[in-house]
Amino acid sequence: MDLLVSGLLLVGLFFLLTGTLGLLRFRDVYSRMHATSKSTTLGVTGVLLAALLYLRFLGLSSGLKESLIIGFLFLTAPVGAHMIARAAHRAGIPLWQNSIVDELKAYREADHTAAEPISLTAPADPLSPPPLEEEERM
Amino acid sequence: MIALVTLVVLSGITLSILLSAYRVLFGPTIPDRVVALDNISTNLVAAIVVFSIRSDSALYIDVALVIAILSFLATVAAAKYLLRGTVIDNGSAR
């Protein structure tokens, strides 16, 4: 039992330190976030599984709250990372100079050009009243 | 054995938090600092859980849960602030 708990704790520590190492050594915001969001989730999951087993073994906890924290972290860590990445990209933080592909920038630039030819006016319907003027419709 | 391992893991998490503090203090851009703060709070959740194991008590799990929730809220608020300049968007700002 002690061996299992200790192993889970050390695995969690390994993943947490790996995430921090990535946070320090990677080149731009997006790759740093890529390093931290996934590996710290796994690290905290390892530590929480150790706590679940240990406290359940001692009869101190039912293990429900630990499972709740694990589920909450698995839900919120990707959402938070995605929101920061989107805000950083929208704020114009540049990628690392040797990055190959920027699909979001390509999508946003293509979206502006592709939105022009689509007509918003419905085709003429002989039974409906005539369309409004341009200022009134706006 | 549990006492020794939890001491080692707590030291490692403290080292991780201190290393992340470098990115908070000297991060080149603001999203770097936000990511580093998120990393610190996640490490703090792990540290509190390890301390809960070390002290043979299940009380600190509640603290870890509250800090996890607050960390997510802070991350979302910072992302909204970076995106729009306000946190609570009532439609009048931009």
Side-chain angles (χ1 to χ4, degrees), chain A residues 1-3 5-7 9-10 12-21 23-24 28-30 32-33 35-37 40-41 43-44 46-48 50-52 54-56 58 60-63 65-66 68-69 72-73 75-77 79-91 93-94, chain B residues 1-2 4-6 8-13 15-20 22-23 27-36 38-43 45-53 56-62 64-65 67-69 71-84:
Chain A
M1 190 63 205
D2 281 4
L3 276 179
V5 170
S6 305
L9 280 175
L10 289 179
L13 176 66
F14 169 73
F15 276 112
L16 286 174
L17 281 178
T18 309
T20 305
L21 193 65
L23 177 72
L24 283 182
D28 61 353
V29 189
Y30 310 102
R32 279 171 199 149
M33 190 173 333
T36 62
S37 65
T40 56
T41 307
V44 176
V47 171
L48 277 166
L52 194 152
Y54 186 69
L55 297 176
R56 182 75 189 251
L58 287 185
L60 292 174
S61 162
S62 66
K65 281 173 198 159
E66 291 89 341
L68 186 65
I69 300 178
F72 187 78
L73 272 176
L75 280 180
T76 57
V79 174
H82 175 254
M83 285 195 75
I84 300 176
R86 186 164 169 272
H89 195 281
R90 187 68 63 92
I93 307 292
Chain B
M1 181 176 177
I2 289 286
L4 178 64
V5 172
T6 47
V8 169
V9 173
L10 273 179
S11 310
I13 291 176
L15 178 69
S16 169
I17 288 179
L18 287 179
L19 289 178
S20 306
Y22 171 80
R23 193 54 79 192
T29 63
I30 296 179
D32 278 322
R33 298 169 199 255
V34 179
V35 170
D38 194 32
N39 192 23
I40 284 181
S41 61
T42 313
N43 279 329
V45 170
I48 291 172
V49 172
V50 174
F51 186 73
S52 173
I53 295 178
D56 284 344
S57 162
L59 294 177
Y60 299 102
I61 302 292
D62 299 339
L65 180 59
I67 287 187
I69 294 173
S71 144
F72 173 65
L73 280 184
T75 304
V76 170
K80 290 282 284 184
Y81 176 71
L82 283 177
L83 201 59
R84 300 186 190 274

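Side chains included, hydrogens not; waters and symmetry mates left out as well; all remaining heavy atoms used. Quick note on labels: first sequence line is chain A, next is B, and so on, each numbered from 1.
Across all non-hydrogen atoms, the minimal contact from A/Thr20 to B/Leu19 is CG2-CB, 3.7 Å. Residues B/Arg23 and A/Leu23 share a closest heavy-atom pair of NE-O, 3.2 Å. A/Ala87 and B/Leu82 get closest at one heavy-atom pair: CB-CB, 3.8 Å. For the residue pair A/Val47 and B/Ala46, the shortest heavy atom distance occurs at CG1-O, 3.7 Å. Closest non-hydrogen pair, B/Val49 versus A/Leu48, comes out as CG2-CD2, 3.6 Å. For the residue pair B/Ser52 and A/Leu55, the shortest heavy atom distance occurs at OG-CD1, 4.0 Å.
Partners of A/Asp28 according to the salt bridge (Lys or Arg N to Asp or Glu O under 4.0 Å) rule, which considers only residues two or more places apart in sequence or in another chain, do not exist here. Residues satisfying the salt bridge (Lys or Arg N to Asp or Glu O under 4.0 Å) criterion with A/Asp2, sequence neighbours excluded, are absent altogether.
Per-residue counts of heavy-atom pairs under 4.5 Å with chain A were compared for B/Ser16, B/Gly12, B/Ala58; the largest is that of B/Ser16. Of the listed residues A/Arg86, A/Arg90, A/Lys65, the one with more heavy-atom pairs under 4.5 angstrom with chain B than any other is A/Lys65. The most heavy-atom pairs under 4.5 Å with chain A, out of B/Ile17, B/Ile40, B/Ile69, come from B/Ile69. Contacts with chain B were tallied for A/Val79, A/Leu24, A/Thr40, A/Val44; A/Leu24 has the most, counting heavy-atom pairs under 4.5 Å. Chain A forms more heavy-atom pairs under 4.5 Å with one residue of B/Val34, B/Asp62, B/Val50 than with any other, namely B/Asp62.
Between atom OG1 of residue A/Thr76 and atom CG of residue B/Leu73 there is a gap of 9.5 Å, rounded to the nearest 0.5 Å. Atom-to-atom distance recorded for A/Leu68:CG and B/Leu65:CG is 5.5 Å, nearest 0.5 angstrom. Going from atom CG of A/Leu9 over to atom CG of B/Leu10 covers 9.0 Å, rounded to the nearest 0.5 Å.
Side-chain contact between B/Asp56 and A/Tyr54 is present, with heavy atoms from C-beta onward closer than 4.5 Å. A/Met83 places none of its side-chain heavy atoms less than 4.5 Å from the side chain of B/Thr75. Here the side chains of A/Thr36 and B/Asp38 are not in contact, with every heavy-atom distance at 4.5 Å or above.
Both the backbone and the side chain of A/Leu16 come within less than 4.5 Å of a heavy atom of chain B. B/Ser20 touches chain A through backbone and side chain together, each having a heavy atom under 4.5 Å away. Of the atoms belonging to A/Ala85, not a single heavy atom falls under 4.5 Å from chain B. Contact annotation for B/Ser57: only backbone heavy atoms (N, CA, C, O) come within less than 4.5 Å of a heavy atom of chain A. If you measure heavy-atom distances from B/Asp32 to chain A, the contacts under 4.5 Å come from both the backbone and the side chain.
Considering B/Thr6, B/Ile2, B/Leu4 as possible partners of A/Ser6, the one that fulfils the side-chain contact (heavy atoms from CB on, under 4.5 Å) test is B/Ile2.
A/Arg32 contributes no side-chain N or O that, together with a main-chain N or O of B/Val35, makes up a donor-acceptor pair within less than 3.5 Å.
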